Amino acid sequence: MRKPLIAGNWKMNGSAELIETFGRTFAGIELSSPVDVVIHPPFPYLDAARSAFAGTPLALGAQTLNPLPSGARTGEVSGEMLAEFGVEYVLAGHSERRQLYHESDEQVYERVIAALTVGLKPILCVGETLEERDAGQSEDVVLRQVGHVMARLEPGQRRMMTIAYEPVWAIGTGRTASPEQAQQMMAAIRGYQASFDSALADALRLLYGGSMNASNARELLAQEDIDGGLIGGASLKVDDFKAICQSAG
Ligand code: PGA
């Protein structure tokens, strides 16, 4: 059985106060079965989060990293810096990075490699736009994004990976993929993985992302190939996020 993973992506939101609230709330959380839970706050809050989350089930995640270990890259943060602050997971290829900052599949791959090099666990985000879905290209797009990274990793590196399927049209729109649509894509991703590494395909955690909330989480998480969620908006509300974690556990 794959252990569920619930990841909260705060994007450019949150505050020192919200970090404290999450630390307090999750200190006493009861889950009926084991779940991994991670919060990805903005960089400036990582150190406060490390302290506030100590002794809670909350792990620390980052939202991106620069592929280089150090150097003249104003405004950027390296994997080594994240590791030094106790970060365990890092997102790569979030659609907002792909669209707003023009990150290509190759740049996403470079970030994944940089993360793996310093022992961070990448969460590779993939997903089609509405135009691509309407044109019947969803699976081609998603498997291209997955393959560009996964096919080039060593088996040991692949075992560090999590993949988050986030249809772009469902992110922040309140329009969730139906459980059947999400399951269909997850099965395609797992099937693709099985074509060259069947042991990994069984172990690989696949997350759904895109307007997941406290009301729809249970039904999505009940799908055979959905092993967790990557949650944006609802991860900023501590009670909602807690309820989602409880739906998974
Ligand atoms: P959302 O964001 O839950 O607000 O749709 C998900 C994400 O961008 O990871």
Side-chain angles (χ1 to χ4, degrees), residues 4-15 18 22 35-43 45-46 49 58-65 87-103 108 111-112 115 120-130 132-133 138 141-142 145-146 149 161-179 181-183 185-186 189 205-221 223 226-248:
L5 171 64
I6 301 294
N9 173 15
W10 283 11
K11 310 188 180 186
M12 200 169 69
N13 298 297
S15 61
L18 194 63
F22 268 70
V35 181
D36 286 328
V37 186
V38 53
I39 295 288
H40 300 256
F43 292 139
Y45 299 127
L46 286 174
L58 297 176
L60 208 48
Q63 298 175 17
T64 185
L65 76 169
V87 169
E88 190 177 338
Y89 295 88
V90 62
L91 304 182
H94 190 281
S95 67
E96 286 152 20
R97 305 282 326 167
R98 291 182 192 262
Q99 294 197 320
L100 302 172
Y101 302 100
H102 312 292
E103 277 180 21
V108 173
R111 282 166 169 73
V112 166
L120 299 175
K121 298 174 191 158
I123 300 178
L124 171 65
C125 306
V126 297
E128 82 285 1
T129 62
L130 190 56
E132 289 162 341
R133 174 157 285 264
S138 305
V141 168
V142 167
Q145 292 171 338
V146 170
V149 174
M161 301 293 296
T162 298
I163 296 178
Y165 167 56
E166 302 199 294
V168 178
W169 46 271
I171 294 178
T173 57
R175 185 180 161 195
T176 318
S178 69
Q181 282 173 326
Q183 166 58 29
M185 189 63 82
M186 299 300 182
I189 297 172
R205 286 196 289 199
L206 301 180
L207 315 184
Y208 169 78
S211 300
M212 193 190 252
N213 58 40
S215 320
N216 61 28
R218 192 172 292 278
E219 205 187 352
L220 286 158
L221 294 170
Q223 302 300 308
I226 302 185
D227 308 312
L230 178 54
I231 294 116
S235 74
L236 293 163
K237 299 176 203 140
V238 73
D239 291 335
D240 290 25
F241 189 68
K242 189 172 132 189
I244 296 171
C245 295
Q246 284 165 331
S247 310

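Each ligand, and each atom within it, is numbered from 1 in the order the structure gives. Computed from a predicted model, the values in this text were never measured in an experiment.
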Quiz item: V112 pairs by side-chain contact (heavy atoms from CB on, under 4.5 Å) with which of V149, L120, L65?
Solution: V149

Quiz item: With hydrogens left out, which residues have an atom under 4.0 Å from ligand 1, given that only heavy atoms count?
Solution: N9, K11, H94, E166, A170, I171, G172, G210, S211, L230, I231, G232, G233

Quiz item: Under the criterion ring-ring contact (aromatic ring centres under 6.0 Å, His included), which of F22, F43, F241, Y45 is the partner of W10?
Solution: F22

Quiz item: Any luck finding a side-chain donor-acceptor pair between Q145 and Y165 under 3.5 Å?
Solution: no

Quiz item: Do R98 and E103 sit within salt-bridge range, that is, some charged N less than 4.0 Å from a carboxylate O?
Solution: no

Practice problem: Please collect all side-chain hydrogen bond (donor to acceptor under 3.5 Å, both in side chains) contacts where either partner lies in residues 232-246, sequence neighbours excluded, each pair once. | Solution: none

Quiz item: Under 4.5 Å between any side-chain heavy atoms of I6 and L221, yes or no?
Solution: yes

